[in-house]
Amino acid sequence: MQAGSAGAADRTDKKVSFNFQREMETSTWKQKRGSTSFTVTWCRERETFYVELRRSVIGSDIKLEGHTLTCERGKRAFFTAQNDGTYYFYLNKLHDYEWVEGNATIGYPS
């Protein structure tokens with residue numbers, strides 16, 4: 001759980017690792033509508049990549065919004081989940097044969 005802010009008990013932090021050359025998806029989680037964040041906590045190299053929040057639904061998943069991040073500790077992007085549901089992040093980058101490897105924390109309303 002996050003600490004130090006009003007309503008912190010209503011938020012969950014999920015730790016994720018990523019390692020990809022072209023694209024990958026994180027595992028899914030269930031959340032309530034509201035602000036979702038993706039914060040880089042560690043990176044092997046300083047690569048630029050794209051992070052897109054998606055909602056998992058029957059049929060084609062719903063692409064919400066995306067942001068470009070530099071893989072550098074402390075870099076953060078915020079997203080808005082309009083509905084309660086199951087979500088995941090889609091990560092991708094230009095195919096330049098370089099790997100993006102690191103860790104991040106996903107924060108969301110629970």
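Treat the numbers as computed from the prediction; the structure is a model and nothing was measured.
Residues meeting the salt bridge (Lys or Arg N to Asp or Glu O under 4.0 Å) test with Arg54, sequence neighbours left out: Glu52. The side chain to side chain donor-acceptor pair (under 3.5 Å) search around Lys14 returns Ser27, not counting sequence neighbours. Judged as a ring-ring contact (aromatic ring centres under 6.0 Å, His included), and not counting sequence neighbours, Tyr87 has no contacts. With sequence neighbours left out, Lys30 forms a side chain to side chain donor-acceptor pair (under 3.5 Å) with Thr86.
Distance check: Thr12 OG1 to Lys32 NZ gives 10.5 Å after rounding to the nearest 0.5 Å. With values rounded to the nearest 0.5 angstrom, Leu53 atom CG is found 11.0 Å from Phe38 atom CZ. The structure places CH2 of Trp99 at 10.0 Å from NZ of Lys93, a figure rounded to the nearest 0.5 Å.
Using a 4.5 Å cut-off on side-chain heavy atoms (C-beta onward), Phe89 and Thr36 make contact. Counting heavy atoms from C-beta on, the side chains of Asp13 and Ile106 never come closer than 4.5 Å. The shortest side-chain heavy-atom distance between Thr26 and Phe18 does not fall under the 4.5 Å cut-off. Proximity of Asp61 to Ser56: side-chain heavy atoms (C-beta onward) are separated by under 4.5 Å at one or more points.
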Extract all donor-acceptor atom pairs below 3.5 Å that involve side chains of residues 43-50 and protein atoms in other chains or at least two apart in sequence.
{"from": "Arg44", "atom 1": "NE", "to": "Glu101", "atom 2": "OE1", "distance (Å)": "2.7"}
{"from": "Arg46", "atom 1": "NE", "to": "Glu72", "atom 2": "OE1", "distance (Å)": "3.1"}
{"from": "Arg46", "atom 1": "NH2", "to": "Glu72", "atom 2": "OE1", "distance (Å)": "3.2"}

Side chains of residues 75-85: which donor-acceptor pairs under 3.5 Å do they make with residues two or more places apart or in other chains?
{"from": "Arg76", "atom 1": "NE", "to": "Thr39", "atom 2": "OG1", "distance (Å)": "2.8"}
{"from": "Asp84", "atom 1": "OD1", "to": "Arg33", "atom 2": "N", "distance (Å)": "2.8"}

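Annotation for Val100 and Cys71: closest pair CG1-SG, 4.1 Å, computed over non-hydrogen atoms. Closest heavy-atom contact between Asn92 and Glu23: CB-CB, 3.8 Å. For the pair Gly34 and Pro109, the tightest heavy-atom approach, listed with the atom from each and the gap, is CA-CG, 4.0 Å. Shown here for Met24 and Asn19, the closest heavy-atom pair between the two residues is SD-N, 3.7 Å. Taking all atoms of both residues into account, the shortest heavy-atom contact from Tyr90 to Glu25 is CD1-CG, 4.0 Å. Among all heavy-atom pairs drawn from Ser37 and Arg11, the shortest one is OG-NH2, 4.2 Å.
If you chain together hydrophobic residues whose side chains sit under 4.5 Å apart, Trp42 and Val51 never meet in one group. Neither Leu91 nor Leu94 shares a network with the other; the hydrophobic side chains, linked directly or stepwise wherever heavy atoms of I, L, V, M, F, W or Y lie under 4.5 Å apart, form separate groups for each. Leu69 and Phe20 fall within a single hydrophobic cluster, where Ile, Leu, Val, Met, Phe, Trp and Tyr are joined by side-chain heavy atoms under 4.5 Å apart, directly or via other members.
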For this session: Start with the C-alpha gap between Tyr88 and Trp29, add the side-chain angles, then the distance that decides, and say whether ring-ring contact (aromatic ring centres under 6.0 Å, His included) holds.
Result: CA-CA 7 Å; Tyr88 65 95; Trp29 67 89; 7.9 Å; no

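Summarising the local packing, CD1 of Ile62 is surrounded by more than 12 heavy atoms from other residues, nucleotides or ligands at distances under 6.0 Å.
Under a 3.5 Å cut-off, the side chain of Ser110 and the backbone N or O of Asp10 do form a donor-acceptor pair.
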